[in-house]
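Everything quoted here is computed from the prediction, not taken from an experiment. Every heavy atom of this structure was used, including side-chain atoms; hydrogens, water molecules and symmetry mates were not.
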Amino acid sequence: MATLPSKKDVLLGLLEKTSVLMHLDARREDVQVPRHLKTNPQLILQLGLNLAVPIRDLDVGDDGVRCTLSFSRTPFFCVLPYPAIFAMVSEDGGRAMVWPEDVPAEVARAAEAEARKLGLLKEATEAAEADGPRLEAAPSPPKRPRPALADEPKVRVEAKRPAKPKAAAKAAAKEAQRPKRALPPYLRVIK
């Protein structure tokens, strides 16, 4: 098995180009995140050099990452040791790295179940194509030709305006008789 690059090198490489979605097991004792997130086996945190809320104290060290992150607009100093980090994904989706030995067991089981589900569908499709009779789509019925526009009869439809109710007509007449007030100079329309 090939050795994977160090988490520090991967993080620094990704941060040069884009922000990073870091997947980590927040349940570890050495991880410092807000209390309500400490029970999460797959916490995803966004790190970057040019985020809307800047991370001014981002420290990518040899033993992990230290920085102040914003959680619901509340700053919190986080300590993220490398053994707790199991995946990094560039926010643009172009690059990603997973360290399988650090993936929490329940996250790995959920990923395996999803892969098995997708794999079973793929295997069943391949088996049906290889062994069973092929199902072919029935030919679609021929399309009926649409008559040309010139063949359609020309009908002119004229719409009549609905008559105004008497009350609306009286209100409009009163409004027309009301003297117009001059607008202040700052509201006048210049033509």
Side-chain angles (χ1 to χ4, degrees), residues 1-138 140 186:
M1 183 175 170
T3 59
L4 297 173
S6 75
K7 295 175 184 180
K8 178 181 178 179
D9 292 341
V10 171
L11 179 58
L12 290 173
L14 291 174
L15 284 172
E16 286 178 3
K17 300 189 185 310
T18 183
S19 61
V20 178
L21 300 174
M22 187 178 307
H23 298 247
L24 63 122
D25 185 355
R27 300 170 302 170
R28 292 176 51 110
E29 287 183 24
D30 49 355
V31 172
Q32 290 180 18
V33 293
R35 185 179 309 177
H36 69 279
L37 299 174
K38 279 296 286 179
T39 58
N40 194 335
Q42 186 176 6
L43 178 62
I44 302 172
L45 299 176
Q46 182 182 23
L47 300 178
L49 301 176
N50 297 315
L51 297 177
V53 177
I55 305 172
R56 300 192 192 288
D57 62 347
L58 181 61
D59 176 25
V60 180
D62 291 332
D63 58 342
V65 179
R66 289 173 165 64
C67 57
T68 301
L69 298 177
S70 177
F71 297 90
S72 300
R73 300 184 190 257
T74 303
F76 188 92
F77 184 75
C78 297
V79 176
L80 315 169
Y82 289 128
I85 300 167
F86 59 88
M88 294 180 204
V89 180
S90 65
E91 191 173 36
D92 62 10
R95 299 188 306 173
M97 177 67 71
V98 176
W99 289 268
E101 66 276 0
D102 293 329
V103 176
E106 52 270 71
V107 174
R109 281 193 299 273
E112 284 177 20
E114 186 67 23
R116 230 179 297 118
K117 186 170 113 178
L118 294 174
L120 289 175
L121 293 174
K122 183 179 176 185
E123 290 173 13
T125 304
E126 290 172 356
E129 288 178 359
D131 298 332
R134 290 187 173 243
L135 297 174
E136 295 183 14
S140 58
Y186 57 86

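- The side chain to side chain contact (heavy atoms under 4.5 Å, CB included) test with Val89 is passed by exactly one of Met97, Met22, His23: His23.
- Residues satisfying the side chain to side chain contact (heavy atoms under 4.5 Å, CB included) criterion with Val60, sequence neighbours excluded, are Lys8, Leu11, Leu12, Leu15, Leu58, Tyr82.
- Of all the heavy atoms in Val103 and Ala108, the pair that sits closest is CG1-N, 3.8 Å.
- Between the CG atom of Leu14 and the CG atom of Asp9 there is a distance of 11.0 Å, given to the nearest 0.5 Å.
- Residues that satisfy the salt bridge (charged side-chain N to carboxylate O under 4.0 Å, His left out) test with Asp30, not counting sequence neighbours, are Arg28.
- Crowding of Asp92 atom CG: a count of heavy atoms from other residues, nucleotides or ligands under 6.0 Å exceeding 12.
- Residue-environment remark: CG (Asn50) stays at or below the threshold of 12 foreign heavy atoms within 6.0 Å.
- Not one N or O on the side chain of Trp99 forms a donor-acceptor pair closer than 3.5 Å with the backbone of Ser6.
- Within the 4.5 Å cutoff, no side-chain heavy atoms of Pro34 are placed close to those of Leu69.
- For Lys38 (side chain) and Val33 (main-chain N/O), no donor-acceptor pair under 3.5 Å exists by modelled atom type.
- Contact detail for Ala84 and Val31: the closest heavy-atom pair is CB-CG2, 3.5 Å.
- Checking side-chain atoms of Thr18 against main-chain N and O of Ser90 turns up no donor-acceptor pair under 3.5 Å.
- Rounded to the nearest 0.5 Å, atoms CZ (Phe76) and OG (Ser70) are 12.5 Å apart.
- Counting all heavy atoms, side chain and backbone alike, Gln46 lies closest to Ser19 at NE2-OG, 3.4 Å.
- Taking every heavy atom of both residues into account, Ala87 and Val98 meet most closely at CB-CG2, 4.0 Å.
- The side chain to side chain contact (heavy atoms under 4.5 Å, CB included) test with Leu51 is passed by exactly one of Val53, Leu49, Ile55: Ile55.
- Annotation: the span from Met88 atom CE to Leu21 atom CG amounts to 11.5 Å, rounded to 0.5 Å.
- For the pair Lys7 (side chain) and Gly64 (backbone), a donor-acceptor distance under 3.5 Å is absent.
- Contacts of Glu106 classified as salt bridge (charged side-chain N to carboxylate O under 4.0 Å, His left out), with partners at least two apart in sequence or in another chain: Arg27.
- Each of Ile44, Ile85, Asn40 was compared with Leu24 under the side chain to side chain contact (heavy atoms under 4.5 Å, CB included) criterion, and only Ile85 meets it.
- Applying the 6.0 Å contact sphere to NZ of Lys17 captures no more than 12 heavy atoms from other residues, nucleotides or ligands.
- Taken from CG in Leu45 to CG in Leu43, the straight-line distance is 4.0 Å, to the nearest 0.5 Å.
- Rounded to the nearest 0.5 angstrom, Thr39 OG1 and Asp25 CG are separated by 10.5 Å.
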